[in-house]
**Q** 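The structure that follows is given in the form of structure tokens.
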Amino acid sequence: MRSAFGVRIIDGAVRKPVVISTWRHGIPANEAAWKILSAGGKAFDAVEAGVRVPEADPEVTSVGYGGYPDRDGHVTLDACIMDDKYNCGSVAYLEHIMHPISVARKVMENTPHVMLAGEGALRFALDNGFKKENLLTESSKKAWQEWLKKSEYKPVINWENHDTIGMIALDENGNLSGACTTSGMAFKLNGRIGDSPIIGAGLYVDNEVGGATATGVGEEVIRICGSHLVVELMRQNYTPQQACEEAVKRIVRRRGEDVAKKIQIGFIALNKKGEYGSYCIHPDFQYAVYSKPEGSKLIDSKSYY
Ligand code: ASP
């Protein structure tokens with residue numbers, strides 16, 4: 001069956017609600033999202049509530065409060081959110097605010113813009129009632145000071161120093177939304193912005209097709225408009241699994257094995273039918289799923305290597 005736009009409408013049994021998110025910290029995040037989804041709430045509210053959990057967790061050193069700082073000691077946060085009607089909001093290089101995802105939502109709802117960055121984003125957050133806080137915890141400060149000893153002033157790109165949370169949810173009404181939030185690559189150059197706040201790169205949702213989100217080296221994800229690519233592949237009837245695989249393989253093909261061997265990138269995707277999948281370059285990327293009747297689970301993503 002085809003819609004007015006020539007887009008395939010997926011028929012058959014739809015598994016809903018369902019929520020997926022990146023990494024192990026996706027488990028408690030999904031639980032928060034599930035509370036909303038299982039009560040018949042909107043995917044959009046669920047993804048915001050979900051990713052706020054790791055944002056506030058000082059133990060998660062790659063998102064929000066407790067996130068590792070840049071090479072100059074600043075915790076700078078990137079986040080974006082997208083609903084089922086192509087509305088989206090984003091913040092980049094935002095300092096001092098524990099919940100950048102909620103600021104991104106406010107950008108979407110209260111301004112004519114999609115993206116605010118830096119000082120302006122902070123001012124906007126404060127004007128909208130967010131509290132200015134110190135996000136650099138003692139232990140993240142220690143890790144930074146340790147890093148400073150070698151002081152290479154060259155962010156190391158690997159899969160140990162960055163773990164964004166990206167989340168996609170499908171609600172009871174069959175609508176999709178997504179959220180993505182991160183402190184980005186640890187000890188990055190000051191001013192660096194990754195893929196996570198960029199609609200189409202770190203996150204994309206098309207309510208006719210599905211949603212996708214990315215983690216890993218943002219520069220490589222930006223180069224292929226990664227999440228948008230995954231969604232467009234699903235539009236062409238790729239399963240979420242196949243779409244994630246093709247996006248990762250495209251990066252490997254274009255950048256070559258020499259680059260691919262040194263970096264981690266993972267995509268997760270969920271389609272309108274409630275089917276999900278994931279693929280990454282190296283093993284050790286997991287994603288969390290909450291669905292009915294299975295409940296909560298953590299899945300080891302398939303990998304290129
Ligand atoms: N994609 C994020 C960034 O490049 C980091 C990560 O997910 O690991 O900022």
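These numbers come from a predicted model, not from an experiment. Numbering of ligands and ligand atoms starts at 1, following listing order.
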**Q** Identify, by atom number and element, the atoms of ligand 1 in contact range of Ser196, meaning under 4.0 Å from any of its heavy atoms.
**A**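 With Ser196 as reference, the close atoms of ligand 1 come out as 1 (N), 2 (C).
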**Q** Please check if the distance between the ring centroids of Tyr287 and Trp23 is under 6.0 Å.
**A**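 No - the distance between ring centres of Tyr287 and Trp23 does not fall below the 6.0 Å cut-off.
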**Q** Under 4.0 Å from any heavy atom of Gly184, which atoms of ligand 1 are there?
**A**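 Close to Gly184: 9 (O).
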**Q** Which of the atoms of ligand 1 are close to Thr215, meaning less than 4.0 Å from one of its heavy atoms?
**A**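 The list of qualifying atoms is 6 (C), 7 (O), 8 (O).
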**Q** Once rounded to the nearest 0.5 Å, what's the spacing between atom NZ of Lys142 and atom CG of Leu136?
**A**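 So the NZ of Lys142 and the CG of Leu136 are separated by 11.5 Å.
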**Q** Output, in order, the C-alpha distance, side-chain angles, deciding distance and verdict of ring pair (Phe, Tyr, Trp, His ring centres under 6.0 Å) for Tyr279 and Tyr304.
**A** CA-CA 8 Å; Tyr279 201 64; Tyr304 181 83; 7.1 Å; no
**Q** Counting each atom of ligand 1 from 1 as listed, which ones have a heavy atom of Asp195 under 4.0 Å away?
**A**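 Contacts of ligand 1 toward Asp195, numbered from 1: 1 (N), 2 (C), 3 (C), 4 (O).
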**Q** Specify side chain, backbone, both or neither for Arg192, according to which of its non-hydrogen atoms lie closer than 4.0 Å to ligand 1.
**A**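 Only the side chain of Arg192 comes within reach of ligand 1.
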**Q** Just distances here: any N/O of Gly216 and N/O of ligand 1 closer than 3.5 Å?
**A**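 Checking ligand 1 against Gly216, an N or O pair does fall under 3.5 Å apart.
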**Q** Which atoms from ligand 1 have a heavy atom of Met185 less than 4.0 Å away?
**A**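 Once the distances to Met185 are compared, the set is 9 (O).
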**Q** Whether Glu219 and Arg192 form a salt bridge (side-chain N of Lys/Arg under 4.0 Å from carboxylate O of Asp/Glu) is what I want to check.
**A**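 Salt bridge between Arg192 and Glu219, a charged N being under 4.0 Å from a carboxylate O: yes.
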**Q** Quick one: does ligand 1 sit under 4.0 Å from the side chain of Thr22, the backbone, both or neither, non-hydrogen atoms only?
**A**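 Neither part.
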**Q** Cut-off 3.5 Å, side chains only: do Tyr86 and Asn207 have a donor facing an acceptor?
**A**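 No, no side-chain donor-acceptor contact under 3.5 Å.
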**Q** Which residues pass the side chain to side chain donor-acceptor pair (under 3.5 Å) test with Tyr276, sequence neighbours left out?
**A**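 Partners of Tyr276 by the side chain to side chain donor-acceptor pair (under 3.5 Å) criterion, ordered by chain and then number, come out as Lys297.
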**Q** Please verify whether a non-hydrogen atom of Gln264 lies at under 4.0 Å from ligand 1.
**A**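 No; Gln264 lies far enough from ligand 1 that no heavy-atom distance drops under 4.0 Å.
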**Q** Thinking salt bridges, do Glu246 and Lys249 make one under a 4.0 Å N-O criterion?
**A**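 No, this pair does not count.
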**Q** Atoms of ligand 1 less than 4.0 Å from Thr164 heavy atoms?
**A**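 What qualifies from ligand 1 is 1 (N), 2 (C), 5 (C), 6 (C), 7 (O), 8 (O).
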